[in-house]
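Below you'll find the structure, written out as C-alpha cells, and then a few comments.
We count ligands from 1, going down the list as the structure has it; atoms in each ligand are counted the same way. Hydrogens, waters and symmetry mates play no part in the numbers below; they use all other heavy atoms, side chains included. Along the sequence shown, the residues carry numbers beginning at 1.
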Amino acid sequence: MANTSELLGLAGRHILKNYKQPQIVMTRGEGCYLWDTEGKRYLDLYAGIAVCALGHCHPSIVQAITAQASRLGHIANLYYNDRQIELASELARRTGLDRVFFCNSGAEANEGALKLARRYHYARGDADRTGVIATWSSFHGRTMGAVGMTGKKAYWEGFGQRLPDISHVAYGDLEAMRRRANDRTAAIFIEPVQGEGGVLPAPSGYLAGLRALCDEIGALLVVDEIQTGVGRSGRFLAVQHDDVLPDVVTLAKGLAGGVPIGCFVAREKYADALPPGTHGSTFGGNPFAAAVSLALLETLDRDGVLDHVTRTSKWFLSRLAAMAEKHADIAVGARGLGLLCGLELREGIDPRMVLERMRDRGVLIATAGERVLRFAPPLIVTESELTEGLTALDQVLSELPRPPKA
Ligand SMILES: *Cc1c(COP(=O)(O)O)cnc(C)c1O
C-alpha cells in the first residue's frame, strides 16, 4: 500500500482540483472518530457533511451492506425489487406523503422535483407555468437545474445560461415571496433551515405561510430536506416541527448513512406527473442502497435516536451560546435545529481559520456561509464527545488573533 506522501503525490497529479483538501488522507473510521494514514485520530463533528447519521462503520450499516451485497445489488428499474418497495413504504409513512422516486444524490432529487413540478402543470394544459422561486443563499445542489435554484451567483458563473424561469427572494421574507409568486409559478423550493447558507432556521410561521401561499396560487411547495431530513432536526422531517405538509420533500445525505442515495417523496396528487419515459435513474432505488437505508431507519427507531438528537441539541445549543458569550469579541451567537448547529462569528473573523486550528487539535467541523462554524455531528454523538469538541473550540477561540478595533 502507498504511504502518505506517495498518496498525496498521486492526489496532486490525478484528483481534479475542484476541492481544496488539506494534506491529510483519511483511511479509517469508527463511531464519531476518523483516523488518517499517519494514525492521527480526529473527532468528527461534521459527519461527511451531515451524511454519516450513525457515525462511521456502525454495526447495523455494516451488517446491512454485507447481507445485501451477498443477496442482490442492482437490477435497475426494469423490475421492482423488494428492498426498494419496503423503503418507499417506510418513507411514505414517515413523511406523511405517498409516492417515492429514488436517485443517488441531493442534486438529482431536486432536479427530479423540479421536473415533476413543471411536468405536472404541463399535463394539466398549463405549459407556461414553469416558474420556480427559491431563496437567496439557499443551496440545492450542483447540477445545472439544481445550481440554477441555488441562491448564490458564484455557483452559476461561467456555466452558460442559467436554467430559465428561476428567481430568488430573501429567505424568511414571506411578503417578498407573496409579491413574486403568481399564476405562472410552478413551485417554491425551500430549505427548512438554510444549511450551506449559514445554518439559518426558518422564522416562525414562514413555512406555514409558504404552504398557504402555494395552496392559494396552485404551486407546489417543495421542501429541500436533504440536510435537515432523516432525523437531523429531532423529527423525521424538519417541517414536522411546524406541522407543514409539503407537496414534495427531497432527501439524500443521511438517508443511507453514507451509501449514496437520494429521493423525492410526493403527494398522491402527483403520482402520474412523470409518466413512463419522462424521467428515470439507472442506479436509483437499487436494492443495495435501499437495504442500507432500511437498516438506518430501523436503527433510528430501535435506539431512540430522534429523542437523543432532541435532548443533545438542547444541551449543545446552550453550551454553544455560552461559548459565544464567553468569546463575545469573536462570536455573535449560536443557532440551529436538532444536530445542525451554527456558531456565527463576528465580521473579519474567518471561520476557515477556526476550522483549521480545530483540525490541528484533532476536531473536525465544517463552515457554512461566510461567517458560520457548522456542527453536524453523527446523530449518535454523546455529550462527552461534544464536550471534547467544545473544549477544543474554547481553546482555539481563546488563542485566535482578535480583529483590529474599528
Ligand atoms: C447537500 C445538499 C444538496 C445537494 O446534495 P448532493 O448530494 O451534494 O447533490 C442539496 N440541498 C441541500 C439542502 C443540501 O444540503
Side-chain angles (χ1 to χ4, degrees), residues 16 18-19 46-53 95 101-117 132-152 154-156 159 163 166 168 171-172 187-202 206-207 210 221-233 236-239 246 248-265 281 283-285 289 292-293 296 336-342 365-369 372 374-377 379:
L16 197 80
N18 60 317
Y19 304 111
Y46 80 102
I49 319 187
V51 166
C52 306
T95 57
F101 169 79
F102 288 105
C103 51
N104 316 286
S105 68
E108 269 179 89
N110 284 332
E111 291 277 347
L114 167 61
K115 287 175 73 176
L116 175 90
V132 170
I133 314 175
T135 55
W136 290 117
S137 74
S138 65
F139 186 80
H140 297 296
R142 301 283 195 167
T143 55
M144 289 304 287
V147 84
M149 298 193 287
T150 291
K152 203 169 163 187
Y155 292 175
W156 320 328
F159 297 113
L163 196 70
I166 297 173
H168 296 87
Y171 186 71
I188 290 175
F189 272 70
I190 201 78
E191 293 162 274
V193 179
Q194 280 196 334
E196 304 298 313
V199 191
L200 285 161
Y206 182 57
L207 298 169
L210 294 181
L221 180 64
V222 182
V223 179
D224 179 344
E225 295 243 18
I226 288 162
Q227 188 152 176
T228 53
V230 200
R232 182 148 296 274
S233 77
F236 188 72
L237 298 179
V239 276
V248 182
V249 69
T250 55
L251 299 171
K253 291 200 163 84
L255 186 53
V259 168
I261 187 172
C263 75
F264 69 70
V265 194
S281 162
F283 290 130
V292 180
S293 182
L296 177 122
L337 186 66
L339 285 176
L340 178 56
C341 302
I365 58 173
T367 62
V372 177
R374 176 172 29 162
F375 300 83
L379 303 183

Neighbouring protein residues of ligand 1 - any heavy atom closer than 4.0 Å: Ser105, Gly106, Ala107, Asn110, Phe139, His140, Gly141, Glu191, Asp224, Ile226, Gln227, Lys253
Under the side chain to side chain contact (heavy atoms under 4.5 Å, CB included) test, residues paired with Cys52 that sit two or more places apart: Ala47, His56
For Glu111, side-chain hydrogen bond (donor to acceptor under 3.5 Å, both in side chains) partners two or more places apart: Thr143
Inter-residue atom distance Ile226.CD1 - Cys263.SG, 0.5 Å rounding: 9.0 Å
For Thr228, all residues meeting side-chain hydrogen bond (donor to acceptor under 3.5 Å, both in side chains), sequence neighbours excluded: Glu225
Value rounded to 0.5 Å, distance of OG1 in Thr250 from CZ in Phe189: 7.0 Å
Ring-face cation contact, Tyr46 with Arg374, 6.0 Å cut, 45° max: no
